[in-house]
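Proteins come first, then strands; the chains are lettered A, B, ... in the order of their sequence lines, and each starts at number 1. As a basis for the values below, the full set of heavy atoms in this structure was taken, side chains included, without hydrogen atoms, waters or symmetry mates.
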There are 2 protein chains.
Amino acid sequence: MKAATIRDVAERAEVSVASVSRVLNGAGPVTEATRNKVLEAARALQYVPHSGARSLSTSKTQTIGVILPDLYGEFFSELIRGMDVAARSLGYHLIVSSSHDDAEEASAAIRSMRGRVDGLIVLSPHLDAANLAAGLAGRTPILLMNGGAAAGRPSIVVDNHGGAVLAVEHLVATGRRRIVHIAGPAGNLEAEARLAGYLQAMARAGLPTSVVEGEFTQASGHAAGVALARREPRPDAVFAGNDNMAVGAMLALQDGGLRIPEDVAIIGFDDVPIASLVRPGLTTLRIHIAETGRSALERLVRLINAAGEAVADTACEIVRPELVVRPSSNPATPTEASSVPSNAGERLRALAETPSLKGENS
Amino acid sequence: MKAATIRDVAERAEVSVASVSRVLNGAGPVTEATRNKVLEAARALQYVPHSGARSLSTSKTQTIGVILPDLYGEFFSELIRGMDVAARSLGYHLIVSSSHDDAEEASAAIRSMRGRVDGLIVLSPHLDAANLAAGLAGRTPILLMNGGAAAGRPSIVVDNHGGAVLAVEHLVATGRRRIVHIAGPAGNLEAEARLAGYLQAMARAGLPTSVVEGEFTQASGHAAGVALARREPRPDAVFAGNDNMAVGAMLALQDGGLRIPEDVAIIGFDDVPIASLVRPGLTTLRIHIAETGRSALERLVRLINAAGEAVADTACEIVRPELVVRPSSNPATPTEASSVPSNAGERLRALAETPSLKGENS
DNA sequence: GTGTGTCATGTAATCGGTTACACGGTTTTT
DNA sequence: AAAAACCGTGTAACCGATTACATGACACAC
């Protein structure tokens, strides 16, 4: 049994294909009688329009492509969740493509989406302006979120530099001096901006810098933590390039017998859900991830609808991370697993802070 | 500037559209001369075939839809990662749709994918056979992974029941008696199978059962842990329906002054990356998540290619979880953050166990 | 030199929608 | 009562690919 086409429906309802199309799209005038006949026939045949055919004649696909560098960890899963929610409510589908090891591959991924998507959200950091232009051709609206503020192109960037400065300033203000940075992978623009912010803030405070390389994964943070626990003199604070690495590092430092935050303070970046659940709770720079994903998708849809219009949206929207201080950096609230009474307050706070994950996006 | 069509390429190369198509698809005979002219023209025009048009004439989309219940946590992000890797290597695109609150919505999502995908992987637990049939119509191959072994339909299920039994038996064998289960959301078939396994194993061991409700989120696990920490008599083991909740519960219990595993043992389910990184490392039932996703996608593609052939693949593939014992349930390896020398061995083990996340799928 | 087979190429139908335009019938205007 | 306006419906062109079939060129055999 082949799937029903619009012609099958027209035949069964004894009307023309044009009328069927009009009824199903709510466009154009139709009598109540035909409307009913068509709807009844469509239901009986379980008719669903073939999206390929539709996209061919309307040159719209109702689909948006998302180009990701990778899918590790909670960050991207949160981001996609936000986008997915927005997409559904706007009647769009989401097509994801990740794990592009180099610019060539990412560019190929973009190209292979031509005719398949109405617009793209690009988070892959491998894509510089040249590659993007090569992948363009068809005037597909693109929203950049790869951390590079490509001038004249609509984009959303997190103020990574500013966030990193906030982190360092907080650590300095609470008395830390030997502050190490666990950096994200080289070539990742976000990682580089965070590193630059760290370096600048440290220089401004007149402190010596020390950078360990990481890859944004928990495992790499853990490895960095193991190395740092052995180092002499011991650092008294760690600013990790993201929460994943911060959590990994924290566990390694604790394994090494160090107390957080008494011996070493830790700060992450992103505020993924787990950040408030580890012990001690992780100080971090909050980006409302799902919210950002939602707003990115909505903006792209606006771009798509406005395509060709004079008022070009080429602004670079900036998301400013907000410092969330939790016990991992707070000398005033020591946490020791065995001292029950002393941390009752902390426990309550942790509870109150536990995000209602499910309801966050409603 | 509009995107180039096959006719533009044909014109520029001074050949017919048929030849262009033949060259680009590598099908049919062409001279070296025409091949070169066509390739040169295609490159000059940055031509990429319009996938909608192609899918219209070939009735193939090279796209696979994934219907998810939700995108929370690491489980789904791992799963999608595995699928994405497989999809790219097979030349398919992935279109995801999540957060379906009820069967109606999930069914609508399936229907809206007609003509858009060549096949579906369904993980949404809301879909019983009836709804699936309603969404079918077009003979779209569907691979079920929602935990319900729908007879006569290709599916992959995790042996949740068996895994739960393993977990309980391990706890019983190590001397635990007051074993509480934190269940996943009602209506989720995986959650129900794990619960049933727990109940059966407990009954077989002659132990009283106790179930706390959760929602598969870390936050709900945390809430359950807070309640359990106060309970009298205190449970001496917790088997959580997944790792997310296990981690949440563990942190809450630790906040409540309980030592893991001395006072309470904890077991999760799934073996998400974080399981090996929390302290103490979480005992869990390992499913090679990304691997399972990869293999699911590959099987679906085989289904698609075999569509219509006599040898119908309706088998129900079973993934058997494997018990991974880590310190959270092991009385022989007490972990105390302050006792450095005593846990040196444990530390090493944890390091060795830390998965090379990046390389796992290569 | 005509017939036949091979092979590269072109022509045109087709996939399943959307939509401009034509058409006939009713209602309103003058 | 004739003209104009309006409205619901149908016909057919079009979107951009694939591909069955027709065509024409050329080589080889008889």
Side-chain angles (χ1 to χ4, degrees), chain A residues 2-39 41-42 45-63 112-118 137-140, chain B residues 2-39 41-42 45-63 112-118 137-140:
Chain A
K2 288 200 51 185
T5 74
I6 196 173
R7 264 163 264 270
D8 299 327
V9 177
E11 201 171 320
R12 190 175 222 270
E14 298 175 306
V15 296
S16 71
V17 292
S19 294
V20 175
S21 177
R22 277 187 282 256
V23 169
L24 267 35
N25 294 309
V30 271
T31 350
E32 197 58 25
T34 23
R35 146 167 265 100
N36 290 336
K37 277 193 298 184
V38 168
L39 290 178
L45 295 170
Q46 298 201 39
Y47 171 72
V48 180
H50 187 288
S51 64
R54 170 177 281 168
S55 101
L56 188 53
S57 47
T58 60
S59 50
K60 295 210 158 303
T61 60
Q62 296 298 110
T63 302
S112 82
M113 286 203 181
R114 195 204 82 145
R116 207 178 277 278
V117 299
D118 292 339
R139 274 278 149 282
T140 309
Chain B
K2 289 198 52 183
T5 74
I6 196 173
R7 262 164 268 270
D8 299 328
V9 177
E11 200 170 321
R12 190 175 223 268
E14 297 175 306
V15 297
S16 72
V17 293
S19 294
V20 175
S21 177
R22 277 188 281 258
V23 169
L24 266 36
N25 295 308
V30 272
T31 24
E32 198 56 27
T34 25
R35 144 168 267 98
N36 289 336
K37 276 194 297 183
V38 168
L39 289 178
L45 295 171
Q46 299 201 35
Y47 170 73
V48 180
H50 186 288
S51 63
R54 169 176 284 169
S55 101
L56 188 54
S57 46
T58 59
S59 50
K60 293 209 159 304
T61 61
Q62 296 297 110
T63 303
S112 82
M113 285 203 182
R114 194 203 84 145
R116 210 179 275 278
V117 299
D118 293 340
R139 276 275 150 283
T140 309

Base, sugar-phosphate, or nothing for B:Thr58, non-hydrogen atoms under 4.0 angstrom?
sugar-phosphate
Measuring only between side-chain heavy atoms, which start at C-beta, is B:Ser55 closer than 4.5 Å to A:His50?
yes
Atom NE2 of A:His50 to atom P of D:dC15: distance rounded to whole Å?
19 Å
If you take all heavy atoms of A:Ser19 and A:Val30, which pair is closest and at what distance?
O-CG1, 4.4 Å
For A:Lys37 and D:dT9, what is the distance between atoms NZ and C1' respectively, to the nearest whole Å?
10 Å
Across nucleotides 6-14 of chain C, 5' to 3', mark each nucleotide with B, S or - according to how protein heavy atoms within less than 4.0 Å reach it.
--SBBBB--
To the nearest angstrom, the CG-P distance between A:Asn25 and C:dT19 comes to 7 Å
To the nearest angstrom, the CG-C1' distance between A:Leu45 and C:dG17 comes to 16 Å
With a 4.5 Å cut-off on side-chain heavy atoms, are B:Val15 and B:Val20 touching?
yes
Separation of C:dG17 atom P from A:Lys60 atom NZ, nearest Å, is 19 Å
Flag side-chain contact, heavy atom, 4.5 Å: B:Thr61 against B:Met113:
no
Under 4.5 Å between any side-chain heavy atoms of B:Arg12 and B:Asp8, yes or no?
no
Determine, stepwise, if the pair A:Thr63 / B:Arg116 fulfils side-chain hydrogen bond (donor to acceptor under 3.5 Å, both in side chains).
CA-CA 10 Å; A:Thr63 302; B:Arg116 210 179 275 278; 2.9 Å; yes
Separation of atom CG in B:Leu56 from atom P in D:dC15, rounded to whole Å
14 Å
Compare side-chain N and O positions of A:Ser21 against OP1 and OP2 of C:dT18 and report whether any pair is under 4.0 Å apart.
yes
Distance, rounded to the nearest Å, where A:Asp118 contributes CG and D:dC15 contributes P:
18 Å
B:Leu24 atom CG is separated from D:dT18 atom P, nearest whole Å, by 8 Å
